[in-house]
Amino acid sequence: MAGKEKPYRVYRGGRAKGPIRHEPLKEQAGRRDGDGYAYKGPKPARKPRRWRRRIVWALTGVILLFLVWAVLGYLAFRSGIKDANKRLDPLAARALTPQKGLLLSNASNILVLGADTGSKSRQSTRGRADTIILIRTDPDNHKIALLSIPRDLRVEIPRHGTQKINAAYAFGGPTLALKTVERVTGLRMNHVVVVDFSTFGKVVDALGGVTINVPRPILSNKFECPRHTQAQCARWPGWRFHKGPQKMDGRTALIYSRIRENQLDPSESDFTRGERQQAVIQAIADKTTSFNTFLKAPFIGDDLVRPLATDLSAGQILQLAWVKRRTPSSGWLRCRLGGTIANIGGASYVIGSEENVSVIAMVTGKSAPQPPLPGSGPFGPGCLVGK
């Protein structure tokens with residue numbers, strides 16, 4: 001049997017018992033399938049999963065596009081803010097108390113003035129400030145307070161005697177308005193924003209309109225008649241607003257914030273007007289920090305601040321936007337100074353109440369917010385919690 005496979009196995013213990021199993025030759029073993037001991041050669045290389053690469057590249061592209069879009073929007077916004085900084089009277093900027101630290105982590109007082117003319121005190125023609133709102137941010141406690149100051153509040157204006165507080169802007173622009181508000185509230189102002197109402201509507205239009213929840217039906221007094229003839233205006237009843245959420249364009253939002261009388265509710269007053277102005281400001285702030293505005297930022301960034309004159313930088317405004325987003329609804333305070341109505345020399349004034357001191361303490365967080373006292377009438381001072 002030389003040259004052939006032997007039909008037996010040899011073990012140290014001797015010849016195996018039972019039937020003999022023939023071992024295949026090595027070259028035969030390489031050709032057999034199904035044998036667990038068979039060598040089938042090297043396995044082919046596994047193909048890379050291309051779908052994973054595609055997902056990674058797609059995510060990278062989206063992130064890069066997001067960053068580029070954000071940079072373009074910020075540059076457009078910063079360009080508009082630089083113009084707004086130039087529009088502010090330098091005297092007003094110097095009258096401010098410097099901000100301590102970042103707005104992200106430090107309390108700040110911001111005075112918002114609304115008028116129909118520009119902001120420079122050097123101008124010969126200047127209207128009164130129909131809107132005076134103090135915004136206090138408190139990032140550590142996640143609170144934002146909006147304090148409306150009635151334009152007819154009787155105060156002492158430096159070098160001009162006793163006048164309505166809105167006259168301070170007419171006498172000395174934002175600089176004198178700042179000093180007067182500081183004297184009334186006892187708070188130092190860190191920043192100022194002057195809103196030119198003649199172009200205010202363009203901001204709302206650039207945002208694509210804002211949604212405002214109207215708390216009760218309104219039929220306003222007659223102002224800014226939309227009719228073409230005097231006879232038509234005589235028959236026109238006034239501006240109407242239905243109760244509930246309403247989307248408003250720039251002109252409608254401006255009219256809503258200016259309504260002084262509601263023929264359907266005679267108890268409304270200039271204080272109610274302040275609440276409407278606060279609602280418009282909040283609606284604009286909400287829309288400005290929305291994702292839709294982010295998508296349009298490279299095209300409308302400079303338009304958003306065109307009606308403004310302010311000392312705030314682009315970076316500081318972004319910090320305020322972040323503080324706003326972090327503030328829950330329960331952290332918002334809607335406050336107002338108030339008093340009683342008096343007729344002095346043929347002019348109607350609001351004589352400040354002693355409770356105004358308590359309202360300032362509520363705004364600064366030194367006391368708990370309280371609504372107007374029962375029986376204080378439509379001009380009672382106080383604070384309400386929530387947007």
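None of these values were measured; they are calculated from a predicted model.
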Looking only at non-hydrogen atoms, find the nearest pair between Gly338 and Pro381 and report the distance. N-CB, 3.5 Å

Nearest heavy-atom contact between Ser105 and Asp140 is O-OD1, 3.5 Å

Could you tell me whether the side chains of [X] and [Y] share a donor-acceptor contact shorter than 3.5 Å?
X: Arg188; Y: Thr97; answer: yes
X: Thr131; Y: Gln277; answer: yes
X: Thr252; Y: Asp249; answer: yes
X: Gln246; Y: Thr211; answer: no

Is there a donor-acceptor contact under 3.5 Å from the side chain of [X] to the main chain of [Y]?
X: Asp196; Y: Pro307; answer: no
X: Asn106; Y: Leu102; answer: yes
X: Arg87; Y: Leu308; answer: yes

Evaluate the side-chain proximity of [Y] to [X]: yes if any heavy-atom separation is below 4.5 Å, no if none is.
X: Thr175; Y: Asp89; result: yes
X: Val280; Y: Tyr256; result: yes
X: Leu187; Y: Glu182; result: no
X: Gln99; Y: Leu103; result: yes
X: Val193; Y: Leu111; result: no
X: Arg276; Y: Arg258; result: no
X: Thr180; Y: Glu156; result: no
X: Pro217; Y: Phe241; result: no

If you count every heavy atom of other residues, nucleotides or ligands that lies below 6.0 Å from [X] atom [atom1], does the total exceed 12?
X: Lys202; atom1: NZ; answer: no
X: Lys143; atom1: NZ; answer: no
X: Phe223; atom1: CZ; answer: yes

Asn141 vs Asp138, side chain to side chain donor-acceptor pair (under 3.5 Å): CA-CA, chis, key distance, verdict: CA-CA 6 Å; Asn141 296 307; Asp138 187 358; 2.8 Å; yes

Is any NZ, NE, NH1 or NH2 atom of the basic residue among Asp83 and Arg306 found under 4.0 Å from an Asp or Glu carboxylate oxygen of the other? no

I'd like to know if Glu261 pairs up with Arg273 as an ion pair, taking the criterion as any Lys NZ or Arg NE/NH1/NH2 lying under 4.0 Å from an Asp or Glu carboxylate oxygen. no

Can you tell me how far the CE atom of Met362 sits from the CG atom of Leu147, to the nearest 0.5 Å? 11.0 Å

Taking Met189 as the fixed residue, which of Asp311, Ile110, Leu134 is the one that meets the side-chain contact (heavy atoms from CB on, under 4.5 Å) rule? Leu134

Can you name the one residue among Leu153, Ile341, Thr340, Ile351 that meets side-chain contact (heavy atoms from CB on, under 4.5 Å) with Phe379? Ile341

